[in-house]
Amino acid sequence: MDDDPRTVKEAVDSEDGKFWKEAMANEMASLHTNEAWELVDLLAERKTIGNKWVFKKKTNVKGKVEKYKARLVAKGYSQVPGTDFGDIFFSCCQGNFY
């Protein structure tokens with residue numbers, strides 16, 4: 001049975017909330033370390049695309065949770081061909097991300 005949280009609220013309000021918060025902090029640190037984005041001013045004719053946290057518990061063969069993974073993904077399906085495939089303007093959280 002898949003009991004991974006579907007929303008940030010579900011994740012942080014769960015009994016494993018501290019592990020999910022740590023996983024999100026690790027993801028944000030990784031994105032920062034790898035210079036995955038740069039902050040720029042959004043041009044007037046451009047729209048940001050949304051984002052979503054994806055949560056997954058990684059288990060061993062006995063079913064014991066070994067790792068909590070959180071990934072911040074862009075909702076790329078909202079891009080328009082010929083308009084915003086080259087540059088992605090990603091609307092991200094500022095300050096607290098959960």
Side-chain angles (χ1 to χ4, degrees):
M1 184 171 103
D2 180 16
D3 65 342
D4 295 326
R6 300 221 180 265
T7 66
V8 171
K9 182 165 178 37
E10 279 183 31
V12 299
D13 289 348
S14 73
E15 65 182 35
D16 297 328
K18 69 178 182 177
F19 299 114
W20 291 121
K21 287 179 185 179
E22 183 179 341
M24 288 188 288
N26 290 341
E27 172 72 352
M28 293 301 289
S30 175
L31 291 170
H32 178 72
T33 299
N34 292 312
E35 298 179 357
W37 65 59
E38 93 182 70
L39 295 178
V40 297
D41 292 327
L42 184 64
L43 301 173
E45 66 274 6
R46 299 290 184 143
K47 283 185 359 181
T48 61
I49 60 173
N51 60 69
K52 176 178 174 59
W53 281 101
V54 177
F55 303 99
K56 186 73 180 165
K57 291 179 189 172
K58 299 295 184 173
T59 58
N60 63 20
V61 293
K62 294 181 180 181
K64 181 180 181 226
V65 177
E66 298 246 324
K67 187 172 187 176
Y68 291 80
K69 292 190 76 146
R71 293 290 179 252
L72 185 61
V73 297
K75 294 180 179 179
Y77 57 81
S78 65
Q79 291 175 280
V80 178
T83 302
D84 57 7
F85 269 42
D87 294 320
I88 298 173
F89 296 93
F90 185 59
S91 172
C92 188
C93 34
Q94 294 183 347
N96 289 334
F97 50 89
Y98 49 81

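Every heavy atom of this structure was used, including side-chain atoms; hydrogens, water molecules and symmetry mates were not. Bear in mind the structure is a predicted one, so any value in this text is a computation, not a measurement.
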Visitor: Between Asn34 and Ser30, does any side-chain donor sit less than 3.5 Å from a side-chain acceptor?
Guide: yes
Visitor: Applying side chain to side chain contact (heavy atoms under 4.5 Å, CB included) to Met28 and Leu72, what does each step give before you reach the verdict?
Guide: CA-CA 8 Å; Met28 293 301 289; Leu72 185 61; 4.0 Å; yes
Visitor: How would you list, by chain and number, every residue that makes a salt bridge (Lys or Arg N to Asp or Glu O under 4.0 Å) with Lys69, sequence neighbours excluded?
Guide: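 With sequence neighbours excluded, Lys69 shows a salt bridge (Lys or Arg N to Asp or Glu O under 4.0 Å) to no residue whatsoever.
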Visitor: Using the side-chain contact (heavy atoms from CB on, under 4.5 Å) definition, which of the options Lys57, Lys21, Met24 pairs with Tyr68?
Guide: Lys57
Visitor: In Å and rounded to the nearest 0.5 Å, what is the CG to CZ distance from Asn51 to Arg71?
Guide: 14.5 Å
Visitor: Does Asp16 reach the main-chain N or O of Phe19 with its side chain, forming a donor-acceptor pair under 3.5 Å?
Guide: no
Visitor: Can you list everything that forms a side-chain contact (heavy atoms from CB on, under 4.5 Å) with Val54? Sequence neighbours excluded, please.
Guide: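 With neighbours one apart ignored, the set is Val73.
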Visitor: So does Arg6 have more than 12 non-hydrogen atoms from other groups sitting under 6.0 Å from CZ?
Guide: no
Visitor: Apply side-chain hydrogen bond (donor to acceptor under 3.5 Å, both in side chains) to Lys64 and list each qualifying residue two or more places apart in sequence or on a separate chain.
Guide: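 Applying side-chain hydrogen bond (donor to acceptor under 3.5 Å, both in side chains) to Lys64 gives none.
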Visitor: What do the steps show when you test Thr7 against Trp53 for side chain to side chain contact (heavy atoms under 4.5 Å, CB included), and what is the final call?
Guide: CA-CA 7 Å; Thr7 66; Trp53 281 101; over 6 Å; no
